[in-house]
*Asks:* 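This is the structure I have questions about; it appears just below.
Below, all heavy atoms of this structure are taken into account, side chains as well, without hydrogens, waters or symmetry copies.
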Amino acid sequence: MYAFYTINEHKQAIILYLCRQNENNMTTESPITLLTRQRALLQAEYAYEKEEFRRLTEATGIDKKVKRGLAWYPISVGHAYRNSLDQLVVELRDPSRSSEATLSSRIGDEGETESQFEPGKPVCFFSQDASGDFRGTGGMLHYYKFVAQVCYVEADRMVVALPDGDALEQIRDADRLGVQLYLDEYTYRLMFEALDRVIQAKSGRLAELREIFHSTAPTGKFTFNPVRFPWLNTSQQAAVNEVLWAKDVAVVHGPPGTGKTTTLVEAIYETLRRENQVLVCAQSNMAVDWIAEKLTDRGVSVLRIGNPTRVTDKMLSFTYERRFENHPLYDQLWAVRKAIRDIYASKSGSSDSRHQKIARLRDRATELEYTIREAIFSDTKVVACTLTGSANHLLDGMKFGTLFIDEAAQALEAACWIAIQKVHRVILAGDHRQLPPTIKSPEAMRGGLDRTLMQYIVEQKPQAVSLLRVQYRMADDIMQFPNREFYDGMLISAPEVKYRGILDWDTAVEWKPSSLPVSVNEGLADRTGEESGGAGSFSYFNVAEAQQTLQTLHDYFERIGKERIMEERIDVGIISPYKGQVSLLRRMLRQDKYWKPYRSLITVNTVDGFQGQERDVIVISLVRSNEEGNIGFLRDLRRMNVAITRARMKLIIIGDRTTLCRHPFYRHLAEYVDSISTGH
């Protein structure tokens with residue numbers, strides 16, 4: 001149906017496209033020099049984060065930490081127990097977060113950032129002396145010298161894993177106790193170690209891949225006839241075959257809605273016909289779970305490595321921990337572990353006798369653990385984890401033929417090398433025209449730390465890249481602008497979505513200018529709100545534009561009709577680049593009774609929060625409005641590409657044209673929207 005090109009014609013078109021895109025971006029640095037520079041930039045990012053954490057810890061009051069979602073205070077310590085991983089965990093509660101009414105009273109006029117606590121994140125504890133009050137004002141803070149890890153978090157309850165019993169005793173005895181996020185030094189250590197191994201490699205596969213990825217060295221290819229996949233379109237078929245032919249590296253470039261996950265699942269499935277086991281990674285747990293779910297739906301045996309509390313419900317039964325617990329020998333192992341703890345707690349018998357019993361029991365526990373582990377891995381075809389998770393001790397010493405990295409354009413190169421050390425060849429999938437890695441240090445950003453391994457390979461090895469060309473998500477009028485701005489016009493819309501819409505004679509894309517003049521709106525819009533997302537990062541919000549955003553959506557809902565919206569489950573995404581605006585919009589939605597029937601259909605989040613998602617209707621609030629034309633990080637056009645391409649049938653943009661259209665991208669966008677509305 002979509003056989004617009006043969007596979008060879010398709011590849012020639014893509015190579016020409018990539019050469020035009022990258023002809024001025026070729027680097028002459030040696031691979032070792034380039035990676036050494038990457039390490040220095042990563043060190044700058046690490047130093048910046050450490051300094052920001054120090055400033056946050058020492059100079060920021062508790063009330064501000066709480067408001068930014070970085071701390072809970074005061075908290076109470078609840079039940080402590082051993083989980084299935086034999087970790088000591090404890091429940092924490094923050095009574096002030098227990099009701100929406102209480103939370104609303106704490107939010108104030110400028111809104112409160114959503115909690116930043118997530119499973120797997122490190123945390124530290126502090127207590128405040130009696131001279132302070134329970135709002136966190138005044139009083140010296142005492143930080144405890146241990147680090148814990150979040151296992152589970154909900155509105156007012158958190159479960160954290162503690163390093164030992166001494167830590168539990170310290171927080172149990174504390175008055176005015178609080179918990180805050182801690183700097184994730186573990187991930188940095190893994191990235192530094194990985195880069196050092198790559199830089200220092202003199203021979204072997206790691207050194208070969210380093211030279212191939214960062215030099216003009218050619219990539220190797222197998223030679224066999226292409227495999228046909230009639231259920232895939234031509235560009236998807238070409239991509240799967242390029243993966244199968246690749247000896248060293250291949251890139252699946254998947255713009256929004258082009259079926260990247262479908263293509264990647266097919267490539268993994270076919271690879272498993274030739275290899276016994278593969279490693280599948282991504283930067284985020286969400287991305288890992290998404291590809292892992294699709295593989296399990298295909299009948300592939302998947303083992304999910306990582307913190308079970310960060311795994312979706314569907315994938316929970318596929319985690320190592322759950323498979324471990326369900327093994328027939330697990331009850332024996334639990335009994336042995338309990339016997340060891342009982343002996344430690346008991347004072348009966350001689351010390352030598354207790355040590356001998358513990359030694360025998362530990363040997364038995366090790367034997368049982370090894371037997372269970374071997375059984376689990378021998379039954380696994382795909383090991384799925386985050387890039388950092390590939391350093392898990394369970395994978396020590398393991399080697400894989402192929403590594404698949406999904407959402408590779410969002411991963412720091414150093415993080416990719418953590419997993420690449422374990423494999424012979426690498427397949428990257430993603431879209432370097434969408435969200436980049438998050439970089440906080442201005443110095444590291446200027447130096448190019450956000451330049452990913454996928455970008456280097458796309459630029460250096462265009463012959464290794466397969467562009468997926470047919471998109472199945474957006475109405476054609478929504479797709480055409482990002483197609484022109486980011487993909488050189490290479491994309492086409494599948495016939496079934498090309499003319500999709502909600503209302504007859506509706507315009508697929510609209511830009512609603514801010515309703516207030518700049519001189520009035522500026523006071524509302526360009527005011528620096530409370531910091532969010534970490535010290536030093538300001539979040540803007542625009543009250544008038546938030547009101548206009550919801551009014552515009554209200555008017556559109558009235559045109560559609562409540563009965564149809566509920567019957568067809570027409571879903572909506574409200575996107576803003578700024579956390580302050582997101583927080584404000586969420587509060588306004590919660591307080592307005594009109595939206596109560598629709599709340600399950602409406603999601604409000606940042607651009608980053610919508611990565612990988614789609615909705616029938618997308619409304620974008622751009623916030624910025626000032627006489628200087630200052631648009632801040634709206635200059636990162638890749639974020640706008642993500643925001644625009646979340647929409648299936650309707651895209652509504654709310655923003656001050658006077659401010660935004662001084663930038664050529666937004667001027668072109670406004671001109672494009674005007675051309676659609678006038679039919680030209």
*Asks:* Would you be so kind as to tabulate the donor-acceptor pairs closer than 3.5 Å made by side chains of residues 606-618, with sequence neighbours excluded?
*Replies:*
| unit_1 | atom_1 | unit_2 | atom_2 | d |
| --- | --- | --- | --- | --- |
| Thr606 | OG1 | Gly609 | N | 3.2 |
| Asp608 | OD1 | Arg639 | NE | 3.1 |
| Asp608 | OD1 | Arg639 | NH2 | 3.4 |
| Asp608 | OD2 | Arg639 | NH2 | 3.0 |
| Gln611 | NE2 | Gln410 | OE1 | 3.3 |
| Gln613 | OE1 | Arg615 | NH1 | 3.3 |
| Gln613 | OE1 | Arg615 | NH2 | 2.8 |
| Gln613 | NE2 | Gly609 | O | 2.9 |
| Glu614 | OE1 | Arg473 | NE | 3.2 |
| Glu614 | OE2 | Arg648 | NE | 2.8 |
| Arg615 | NH2 | Thr603 | OG1 | 3.2 |
| Asp616 | OD1 | Arg648 | NH1 | 2.6 |
| Asp616 | OD2 | Asp571 | N | 3.1 |

*Asks:* Check this for me, if you would: do Lys294 and Glu266 make a salt bridge, where the nitrogen-to-carboxylate-oxygen distance has to be below 4.0 angstrom?
*Replies:*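 Salt bridge: no.
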
*Asks:* Arg205: which residues meet the salt bridge (charged side-chain N to carboxylate O under 4.0 Å, His left out) condition with it, sequence neighbours left out?
*Replies:*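 For Arg205, the residues satisfying salt bridge (charged side-chain N to carboxylate O under 4.0 Å, His left out) (neighbours in sequence not counted) are Glu208, Asp248.
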
*Asks:* Counting distance only, does the side-chain N/O of Glu45 pair as donor-acceptor with the main-chain N or O of Lys440 below 3.5 Å?
*Replies:*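 Yes, the answer is positive, given that a donor and an acceptor are paired below the 3.5 Å cut-off.
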
*Asks:* Please test Arg586 against Asn605 for side chain to side chain contact (heavy atoms under 4.5 Å, CB included), starting from the C-alpha separation and ending with a verdict.
*Replies:* CA-CA 9 Å; Arg586 285 175 176 169; Asn605 214 331; 3.7 Å; yes

*Asks:* Under the salt bridge (charged side-chain N to carboxylate O under 4.0 Å, His left out) rule, collect the residues that match up with Glu485, sequence neighbours excluded.
*Replies:*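 Result, salt bridge (charged side-chain N to carboxylate O under 4.0 Å, His left out) vs Glu485: none returned.
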
*Asks:* Checking side-chain contact (heavy atoms from CB on, under 4.5 Å) against Leu651, which of Ile644, Val619, Thr645 comes through?
*Replies:*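 For Leu651, the side-chain contact (heavy atoms from CB on, under 4.5 Å) test succeeds with only one of Ile644, Val619, Thr645, which is Ile644.
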
*Asks:* As an exercise, state the distance from CG of Asn285 to CE of Met315, rounded to the nearest 0.5 Å.
*Replies:*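 That separation rounds to 11.5 Å.
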
*Asks:* Just do the side chain to side chain contact (heavy atoms under 4.5 Å, CB included) check on Val243 and Leu264 with the steps written out, would you?
*Replies:* CA-CA 9 Å; Val243 169; Leu264 196 57; over 6 Å; no

*Asks:* Over all heavy atoms of both residues, which pair between Leu468 and Gly254 is shortest? Give the atoms and the distance, please.
*Replies:*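 Smallest heavy-atom distance, with atoms named: CD1-CA, 4.1 Å.
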
*Asks:* Considering non-hydrogen atoms only, spot the tightest contact between Val249 and Ala246 and give its length.
*Replies:*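 Nearest heavy atoms, Val249 then Ala246: O-CB, 3.6 Å.
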
*Asks:* If I compare all heavy atoms of Arg210 with all of Ala201, which pair ends up nearest, and what's the gap?
*Replies:*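 Answer, listing the atom of Arg210 first, then Ala201: NH1-O, 2.9 Å.
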
*Asks:* Who passes side-chain hydrogen bond (donor to acceptor under 3.5 Å, both in side chains) against Tyr182, sequence neighbours left out?
*Replies:*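 Tyr182: no side-chain hydrogen bond (donor to acceptor under 3.5 Å, both in side chains) contacts found.
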
*Asks:* Distance alone, cut at 3.5 Å: any donor-acceptor contact between the side chains of Glu413 and His214?
*Replies:*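 There is such a pair (donor and acceptor under 3.5 Å, judged by atom type) between the side chains of Glu413 and His214.
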
*Asks:* What pair of heavy atoms forms the shortest contact from Leu295 to Val265, and how long is it?
*Replies:*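 Minimum heavy-atom contact is CD2-CG1, 4.0 Å.
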
*Asks:* Determine whether Ile305 and Ser390 satisfy the following criterion, side chain to side chain contact (heavy atoms under 4.5 Å, CB included), listing intermediate values before the conclusion.
*Replies:* CA-CA 8 Å; Ile305 302 293; Ser390 67; over 6 Å; no

*Asks:* Tell me which pairs pass ring-ring contact (aromatic ring centres under 6.0 Å, His included) where either residue lies in residues 259-278, with sequence neighbours left out.
*Replies:*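 Residue pairs passing ring-ring contact (aromatic ring centres under 6.0 Å, His included), neighbours aside: none found.
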
*Asks:* Give a yes or no answer on whether the side chain of Lys461 reaches the backbone of Ser215 with a donor-acceptor pair at less than 3.5 Å.
*Replies:*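 A pair under 3.5 Å: yes.
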
*Asks:* Does Lys498 use its side chain to pair, donor to acceptor, with the backbone of Ala475 at less than 3.5 Å?
*Replies:*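 Flag not set: sc Lys498 to bb Ala475 has no pair under 3.5 Å.
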
*Asks:* In chain order, what residues pass the side chain to side chain contact (heavy atoms under 4.5 Å, CB included) check against Lys422, with sequence neighbours excluded?
*Replies:*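 Applying side chain to side chain contact (heavy atoms under 4.5 Å, CB included) to Lys422 gives Leu395, Phe400.
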
*Asks:* So, using side chain to side chain contact (heavy atoms under 4.5 Å, CB included) as the criterion, who are the partners of Thr187 when residues are at least two apart?
*Replies:*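 Side chain to side chain contact (heavy atoms under 4.5 Å, CB included) check on Thr187 returns Asp184, Met191, Thr388.
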
*Asks:* Can you name the nearest heavy-atom pair linking Ser301 to Asp379, along with the distance?
*Replies:*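 For Ser301 versus Asp379, the nearest heavy atoms are OG-O, 2.6 Å.
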
*Asks:* Anything under 30° is parallel, anything over 60° is perpendicular, the rest tilted; go ahead and classify His253 against Tyr487.
*Replies:*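 His253 and Tyr487: tilted rings.
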
*Asks:* For the side chain of Ser235 and the backbone of Arg469, is there at least one donor-acceptor N/O pair under 3.5 Å apart?
*Replies:*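 Checking the backbone N and O of Arg469 against the side chain of Ser235, a donor-acceptor pair under 3.5 Å is found.
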
*Asks:* Which residue pairs pass the ring-ring contact (aromatic ring centres under 6.0 Å, His included) test with at least one member in residues 409-431, sequence neighbours excluded?
*Replies:*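 Matches after skipping sequence neighbours: Phe213-Trp417.
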
*Asks:* Please walk me through it: do Leu195 and Leu35 pass side chain to side chain contact (heavy atoms under 4.5 Å, CB included)?
*Replies:* CA-CA 7 Å; Leu195 281 178; Leu35 289 169; 4.2 Å; yes

*Asks:* Once side-chain hydrogen bond (donor to acceptor under 3.5 Å, both in side chains) is applied, do any residues pair with Arg273, and if so which ones, sequence neighbours excluded?
*Replies:*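 Expected list: Glu270.
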
*Asks:* Does the side chain of Tyr320 come within less than 4.5 Å of Asn392's, by heavy atoms?
*Replies:*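 No - every pair of side-chain heavy atoms lies 4.5 Å or more apart.
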
*Asks:* I'd like to know if the side chain of Lys121 reaches the main chain of Cys151, judged simply by a donor and an acceptor atom lying under 3.5 Å from each other, with no hydrogens or angles considered.
*Replies:*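 Between the backbone of Cys151 and the side chain of Lys121 there is no qualifying donor-acceptor contact (under 3.5 Å).
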
*Asks:* Do Ile268 and Val300 make a side-chain contact, defined as non-hydrogen atoms from C-beta onward lying under 4.5 Å apart?
*Replies:*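 Result no, sub-4.5 Å side-chain heavy-atom pair not found.
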
*Asks:* Could you list the residues that satisfy side chain to side chain contact (heavy atoms under 4.5 Å, CB included) with Phe222, not counting sequence neighbours?
*Replies:*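 Partners of Phe222 by the side chain to side chain contact (heavy atoms under 4.5 Å, CB included) criterion, ordered by chain and then number, come out as Phe224, Lys247.
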
*Asks:* Excluding sequence neighbours, so at least two apart, what forms salt bridge (charged side-chain N to carboxylate O under 4.0 Å, His left out) with Glu154?
*Replies:*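 Here the qualifying residues are Arg157.
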
*Asks:* Looking at Lys221 and Glu242, does any basic side-chain N land under 4.0 Å from a carboxylate oxygen?
*Replies:*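 Salt bridge present between Lys221 and Glu242.
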
*Asks:* Okay, side chain of Asn326, backbone of Arg322: is any donor-acceptor separation there less than 3.5 Å?
*Replies:*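 Checking the backbone N and O of Arg322 against the side chain of Asn326, a donor-acceptor pair under 3.5 Å is found.
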
*Asks:* Using every non-hydrogen atom in the two residues, find where Glu49 and Tyr188 come nearest and quote the distance to one decimal.
*Replies:*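 Scanning both residues, the minimum pair turns out to be OE2-OH, 2.6 Å.
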
*Asks:* Taking atom types as modelled, is there a side-chain donor on Thr402 or Glu275 under 3.5 Å from an acceptor on the other?
*Replies:*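 Their side chains do contain a donor-acceptor pair, which is all the 3.5 Å distance test asks for.
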
*Asks:* Would a distance-only check, ignoring hydrogens and angles, find a side-chain to backbone donor-acceptor pair under 3.5 Å from Ser441 to Ala444?
*Replies:*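 Looks like yes, one N/O pair under 3.5 Å.
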
*Asks:* Could you tell me if Asn241 and Gln237 have a donor-acceptor pair between their side chains, going purely by distance under 3.5 Å?
*Replies:*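 Result is no, nothing qualifies.
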
*Asks:* Run the salt bridge (charged side-chain N to carboxylate O under 4.0 Å, His left out) test against Asp450 and tell me which residues pass, sequence neighbours left out.
*Replies:*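 Asp450 satisfies salt bridge (charged side-chain N to carboxylate O under 4.0 Å, His left out) with Arg638 once adjacent residues are dropped.
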
